[in-house]
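In what follows, chains are A, B, ... by sequence order, proteins preceding strands, each numbered from 1.
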Amino acid sequence: MSTSSALLDGMGSMRRSHRCGEIMRARVGDEVVLAGWVHRRRDHGGVIFVDLRDRTGLVQVVFRPESAPDAHARAHLLRSEWVLMVRGEIESRSDDTINPNMPTGTIEVNVRELRILNSASVPPFAIEEEIDVDEQIRLRHRLHDLRRPPLQRVLELRHDLARAVRESLSEQGFLEIETPMLARATPEGARDFLVPSRLQPGDFYALPQSPQIMKQLFMIGGCDRYYQIARCFRDEDLRADRQLEFTQIDLELSFVGVEEILAVLEKVTIDGCRACGVELEAPFRRITYAEAMDRYGSDRPDTRVLLELVDLTDVFRTSGFKAFAGVVGSGGIVKALPIADATALTRGEIDRLEKLVRKELGAKGLGWIRVEDDGSWKSPISKFLGEAEIEAIRERCKVEPGMVIFFQADTKDRANTILSRLREDLGRRLGRVDDRAWDPLLVVDFPLLEMDEKGQLTHVHQPFVAPIEEDLALLDTAPEKVRGTHYDVVLNGTELGSGSLRNHRSDVQRKILRIMGYSDEEMERSFGFLLNALETGAPPHGGFAFGFDRWVMKLAGVDNLRDVIAFPKTQRGQDLLMEAPSPVAPEQLEELALRVRLPPSRS
RNA sequence: GGGCCGGUAGUUCAAUUGGUUAGAGCACUGGCCUGUCACGCCAGAAGUUGCGGGUUCGAGUCCCGUCCGGCCCGCCA
């Protein structure tokens, strides 16, 4: 809608005296000046009500023909989302006009003067607490979405958390130091975002995937304790909890062991949560990686879900049940998820679950046994089971009437992924959870190295993780048994952050890289400057990094990163508001010595 | 790269077995209305059914392709 500019006013010298939601600080009879957006208007022809909105809330302002004829006349023109400034007196409402649903519902502002600061196009959806609008529409009209209370609250939460973290770390002796955004491409880890260099045609910067190496350089540079709330970039496919760019609370400290780092980690987690109204108890419960995988099938379990997995791999190694025995024979595992008192799970639901795990998780199938009231088993697989297997299942799963047991025989990773998903989904659905609102957990004792699909030992986390001291000798004899100093912090089933001690000795770092298959040349090319740096007098050091956005997500109680980031991107990596990415002018490419060649299918 | 779900008015949805002019709520526009707060009443406007092709006398509906949004696997700490 176009509005004649003659209609619009300037602020002049008028300035607001209160924010809308804070109007109760003023007293009845006070003259106030408010500014904000027209949330809703109710035009009775005579008296006109407008709910004026800003970040802090809503307040009803009243235009009366008798007390301000000029303002009243122009108030007829007001529409949703127009921007106003009003001057008037606070009046208390009569008993029968009080609105108990509004924090400011006992008063209203009798407007004497109206300034229309701006008009507005018709909003695409209502600016309300709850809306039911397509994600695409919300993202395209992000400015309207940002005006909604849930997103306003989240932005405030981000601020509160960031501020608390800064205070906590400053008190603990950390310096906030920035690192470059234009960095060097790395062969390791995620795909880099590349930035072409104009001054060095043909060469590229990379946006940092994390400040990992740079913060180690800070330790070597004598900074002692560093932190940063750092933006990180990874050009990988997006998920509900993964964006192309995200924020980490990144820190590193010198002359410490794992325990000192975990103490910092616990303190900053507790301080941050407390600033957002969440109290956590220290010390956090600890669980080893091996136990987490064994009992929960995940290295980031939500331990509030009480169901646990049962390992039956050894039972089926020599079984006559060829499907399971075959999997074990080729290095896979067999695990079960027993659920007591599961009569609520109907046959139809089990069929739906099987379809889900087949389609979404790549399961080969979903074995199950239902234990009837009389103790008999109803199951598509029980006919393949011999005495020994039946006895083992009976004993390890603590079989009882009413129980349903799910089975997976697959590669270790897949079987665990599938059962872990069933464990959390079904555990929540059936109410098999304890009553804790918050479940902070430290996962420790990760292995340093694991075998990849090509049979090459590779790092479990990143290549700079230090082994624990007593396992150093094992690097030469049995590297796959070496324990790392890595740890994860998990909150309610989400990995919030992780860290480790780093290799501060270049000989150890070189040895590990060599075990991971790096030749001397590759080592030099990829990590030469770090290895050289380690030789200049590197102190023992370590640290961790928190996924800041995921932390906010948990505190805000939302399950999607887009709801805690001001301007998020879609699953295809687009910003629908600003329409990025976009083509660029040929001259820009020319300057960078670049030529675009699209794959033929894109024409 | 792959699997699944979705796309009809500004928006949320409907439209019988493939059948005539694609409907409704909210929003919007105009009018009326002096105590509403999801104000009310009257009237009105609003559609390339994501896009392209095919089948058919006839396609929102069936088929193929494609684009877009979402969830997941792979990938990614």
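- Looking at the side chain of A:Gln574, the nearest of the listed nucleotides B:U34, B:U12, B:G69 is B:G69.
- Closest to the side chain of A:Ile137, from the set B:C37, B:U12, B:G35, is B:U12.
- Listed for the A:Arg148 side chain is a donor-acceptor partner under 3.5 Å among the backbone atoms of A:Glu128.
- Evaluated for a side-chain hydrogen bond (donor to acceptor under 3.5 Å, both in side chains) with A:Asp549, the options A:Gln243, A:Arg242, A:Arg158 yield exactly one hit, A:Arg158.
- In terms of polar N and O atoms assigned as donor or acceptor, the side chain of A:Arg93 comes within less than 3.5 Å of the base of B:U36 in a complementary pairing.
- Of the P atoms belonging to B:G74 and B:G69, the separation is 22 Å, rounded to the nearest Å.
- On the P atoms, B:G23 is 13 Å away from B:A45, given to the nearest whole Å.
- Put simply, A:Arg191 has no side-chain N or O that comes within less than 4.0 Å of OP1 or OP2 on B:A77.
- When rounded to the nearest whole Å, the span between CD of A:Glu135 and P of B:U11 equals 15 Å.
- The CG atom of A:Asp410 sits 13 Å away from the C1' atom of B:C73 (whole-angstrom rounding).
- In this model, no side-chain donor or acceptor of A:Arg140 finds a partner on the base of B:G69 within 3.5 Å.
- The interatomic distance linking A:Ile418 (CD1) with B:C73 (P) rounds to 11 Å, in whole Å.
- Within 4.0 Å of A:Arg234, counting heavy atoms only, lie sugar-phosphate atoms of the nucleic acid but no base atom.
- Set against B:C37, B:C68, B:U12, the side chain of A:Gln136 has B:C68 as its closest nucleotide.
- Using atom P as the reference point in both B:A9 and B:C72, the two lie 27 Å apart (nearest Å).
- To the nearest angstrom, P of B:C39 lies 10 Å from CD of A:Gln60.
- To the nearest angstrom, P of B:C41 lies 16 Å from CZ of A:Arg42.
- Donor-acceptor pairing under 3.5 Å, judged by distance alone, is present between the side chain of A:Asp237 and the base of B:G74.
- Checking B:G69 for Watson-Crick or G-U wobble geometry (two distances, each under 3.5 Å) identifies B:C5 as its partner.
- Distances from the side chain of A:Arg79 to the nucleotides B:U11, B:U29, B:C72 place B:U29 closest.
- Residue A:Arg239 places at least one side-chain N or O closer than 4.0 Å to OP1 or OP2 of B:C73.
- The aromatic rings of A:His141 and A:Phe125 stand perpendicular to each other, their planes meeting at an angle above 60°, with 30° marking the opposite boundary.
- Distances shown here put every side-chain N or O of A:Asn99 at or beyond 4.0 Å from the OP1 or OP2 atom of B:G35.
- Using a 4.0 Å heavy-atom cutoff across all strands shown, A:Ser498 reaches sugar-phosphate atoms only and no base atom.
- Partner of A:Leu265 under the side-chain contact (heavy atoms from CB on, under 4.5 Å) criterion, chosen from A:Leu442, A:Val258, A:Leu251: A:Leu442.
- The nearest pair of heavy atoms linking A:Leu77 to A:Trp82 is O-CH2, 3.5 Å.
- Across all strands, A:Phe125 comes closer than 4.0 Å to no nucleic acid atom at all (heavy-atom distances).
- Taking 4.0 angstrom as the limit, A:Arg572 places a side-chain polar atom (N or O) nearer than this to OP1 or OP2 of B:C68.
- The nucleotide whose nearest atom lies closest to any side-chain atom of A:Leu139 is, among B:C37, B:G70, B:G74, B:G70.
- In this structure, A:Arg421 atom CZ and B:G74 atom P are separated by 11 Å, rounded to whole Å.
- For B:A14 and B:C68, the C1' atoms lie 23 Å apart once the distance is rounded to whole Å.
- As rounded to whole Å, 8 Å separates atom C1' of B:U34 from atom NE2 of A:His72.
- Closest contact between the side chain of A:Val460 and the listed nucleotides B:G35, B:C39, B:A77 involves B:A77.
- When the side-chain nitrogen and oxygen atoms of A:Arg40 are compared with OP1 and OP2 of B:C39, one or more of them lie within a distance under 4.0 Å.
- Among B:G35, B:C71, B:C68, the nucleotide with an atom closest to any side-chain atom of A:Gln571 is B:C71.
- The base-pairing partner of B:A46, taking Watson-Crick or G-U wobble contacts with both distances under 3.5 Å, does not exist among the strands shown.
- Both distances falling under 3.5 Å, in either a Watson-Crick or a G-U wobble arrangement, occur for no nucleotide opposite B:G60.
- Using modelled atom types and a 3.5 Å distance limit, the side chains of A:Tyr226 and A:Asp250 yield a donor-acceptor pair.
- If you check B:A77 for Watson-Crick or wobble pairing at under 3.5 angstrom, you find it has no partner at all.
- Not a single donor-acceptor pair under 3.5 Å links the side chain of A:Ser500 to the backbone N or O of A:Ala466.
- The side chain of A:Ala190 sits closest to B:A77 out of B:G70, B:A77, B:U12.
- An aromatic stack links A:His44 and the base of B:C39, using centre distance under 5.5 Å and interplanar angle under 30°.
- Of the candidates B:C28, B:C37, B:C13, B:C37 carries the atom nearest the A:Asp51 side chain, counting heavy atoms from C-beta on.
- Closest approach to the A:Arg41 side chain among B:U29, B:G69, B:G74 is made by B:U29 (side chain taken as heavy atoms from C-beta onward).
- In this structure, B:U16 makes no Watson-Crick or G-U wobble pair, since no nucleotide meets both defining distances under 3.5 angstrom.
- Within the 4.0 angstrom heavy-atom criterion, only backbone atoms of the sugar-phosphate kind lie near A:Asp134; the bases stay farther away.
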